[in-house]
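What follows is a set of notes on a single structure, which appears directly below.
Whatever order the structure lists them in is the order used to number ligands and atoms, beginning at 1. Please read these numbers as outputs of a predicted model, since none were measured by experiment. Atoms considered below: every heavy atom in the structure, side chains included; atoms not considered: hydrogens, waters and symmetry mates.
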Amino acid sequence: MPTTMKAARIHAYGEALRIDEVPVPQPDQGQVQIAIVASGVCHTDIHATSGDMAGRPSLPFVPGHEIVGRVSAVGAGVQQIKEGDVVGVPSLHWACGECDYCQAGWETLCHSQLATGYSVDGGFAQFCVAPADFVTRIPHGVDLYEMAPILCAGVTTCKGLKQTGARKGDWVVISGIGGLGHVAVQYARALGYQVAVVDISDDKLELARRLGAELTVNAQLNDAPSVIQREIGGAHAVLVTAAAKTAFRAGVDMLRRGGVCVLCGLPSGEFPVPILPVVLGGLTVTGSIIGTRVDMDEAIAMAIEAGVKVQIEKQPLENINDIFARLSKGEVLGRVVLEIS
Ligand code: NAD
Ligand code: ZN
Ligand code: ZN
């Protein structure tokens with residue numbers, strides 16, 4: 001067992017990550033240590049390292065929250081997981097289990113929660129530690145690199161779609177066909193929805209068509225809400241997974257009466273909500289943040305049963321700054337997954 005490891009760390013908000021040689025973290029009581037195999041790069045990692053998210057953690061830290069690896073050591077008191085088990089570490093690193101939210105099944109809203117790759121060092125490294133109670137078992141026989149993005153992109157969109165309350169046959173718009181959105185299209189098809197998609201890149205729209213989207217709209221060339229209203233009479237539900245602020249108001253404007261717009265993207269700032277259409281049309285605008293451990297089990301099971309396949313591009317840890325630059329510019333098709341081992 002090595003005593004040091006490579007980790008990509010952010011030392012100053014908005015600056016490049018540095019590959020540092022740091023001590024391998026050791027598992028405390030109730031924790032497991034994981035030798036990371038695959039680690040997805042989510043757009044939230046860019047928000048986190050630019051410092052535009054709430055509750056900035058102390059620097060330096062290791063981003064990354066779509067982690068799959070093998071348990072390499074267990075801390076005292078860990079019973080349910082043993083060395084060699086293949087597990088995933090999601091964004092929800094830990095929640096208290098005792099507050100009103102945790103007790104009501106909303107551990108993702110826990111005020112005391114810890115976030116992997118933000119308040120606790122994450123997956124852009126060779127090893128990490130996590131509470132045994134919050135790691136996810138990865139079923140045998142799956143591709144670990146393709147599974148890593150399910151730990152955030154998968155569970156977030158699967159949960160967000162459930163929050164729309166849409167029914168089989170309803171029209172659901174996925175706005176933003178990046179890492180999250182291209183997975184959302186597949187969950188939406190698996191749930192029996194008719195899927196329309198909006199993005200500003202024709203490559204992304206083409207990918208969505210291959211994954212089952214029936215209507216595609218380029219929001220840079222068209223007024224996307226007008227097209228959605230004209231072609232399908234407005235959407236029963238919209239899932240906004242774009243990282244751009246303009247997509248938020250557009251999402252609300254795409255709804256038919258009684259429709260639900262679920263917001264997942266995390267650009268900082270505000271957007272105007274039009275009062276009359278919301279009141280007269282009985283619209284719902286709501287947020288959705290990652291998923292609970294129960295949501296995670298469902299997202300993984302459904303990904304396997306329905307054949308949800310993440311389009312991945314493998315890259316070495318050393319390329320992390322180049323990957324961030326491409327992701328910021330919208331140049332990644334699907335998800336980049338770091339090939340750690
Ligand atoms: P990504 O960069 O892979 O994808 C974003 C997509 O949005 C790109 O395809 C881009 O072309 C598209 N886009 C840009 N402008 C657009 C517009 N005006 N209309 C429609 N599409 C547009 O990012 P990602 O990893 O999929 O993450 C997307 C967003 O979701 C980020 O803000 C991220 O922080 C957030 N996120 C939220 C949660 C959550 O729990 N709520 C979880 C993970 C990620
Ligand atoms: Zn994420
Ligand atoms: Zn709690």
* ILVMFWY network linking Leu215 to Met254, side-chain heavy atoms under 4.5 angstrom -> yes
* Asked: Looking at Phe124, does the NZ or CZ of Arg9 lie under 6.0 angstrom from its six-membered ring centre and within 45 degrees of the ring axis?
  -> no
* **Test: Lys168 cationic atom under 6.0 Å from Tyr193 six-membered ring centre, within 45° of axis** => no
* Structure fact -> Sorted by chain and residue number, the residues with a non-hydrogen atom under 4.0 Å of ligand 1 are Cys42, His43, Thr44, His47, Cys152, Thr156, Ser175, Gly176, Ile177, Gly178, Gly179, Leu180, Val198, Asp199, Ile200, Lys204, Thr241, Ala242, Ala243, Ala244, Thr246, Ala247, Cys264, Gly265, Leu266, Ser288, Ile289, Ile290, Leu327, Arg335
* **Closest approach of Glu318 to Ile19 (non-hydrogen atoms, all atoms of both residues)** => CA-CD1, 4.1 Å
Exercise: do [X] and [Y] side chains pair donor with acceptor under 3.5 Å:
X	Y	value
His65	Thr116	no
Gln29	Gln31	no
Glu107	Thr292	no

* To do: With the Zn ion (ligand 3) as the centre, enumerate protein N/O/S atoms below 2.8 Å in chain and residue order.
  => Cys96 SG, Cys99 SG, Cys102 SG, Cys110 SG
* Asked: If you stand at the Zn ion (ligand 2) and look out to SG of Cys152 and NE2 of His65, what angle do those two lines make, to 10°?
  -> 110°
* Atom CZ of Arg326 with >12 non-hydrogen neighbours under 6.0 angstrom -> yes
* To do: Assess whether atom CD of Glu270 is packed by more than 12 heavy atoms of other residues, nucleotides or ligands within 6.0 Å.
  => no
* For the Zn ion (ligand 2), does an N/O/S atom of His43 lie at less than 2.8 Å? -> no
* So, His111 versus Tyr101, ring centres under 6.0 angstrom or not? -> yes
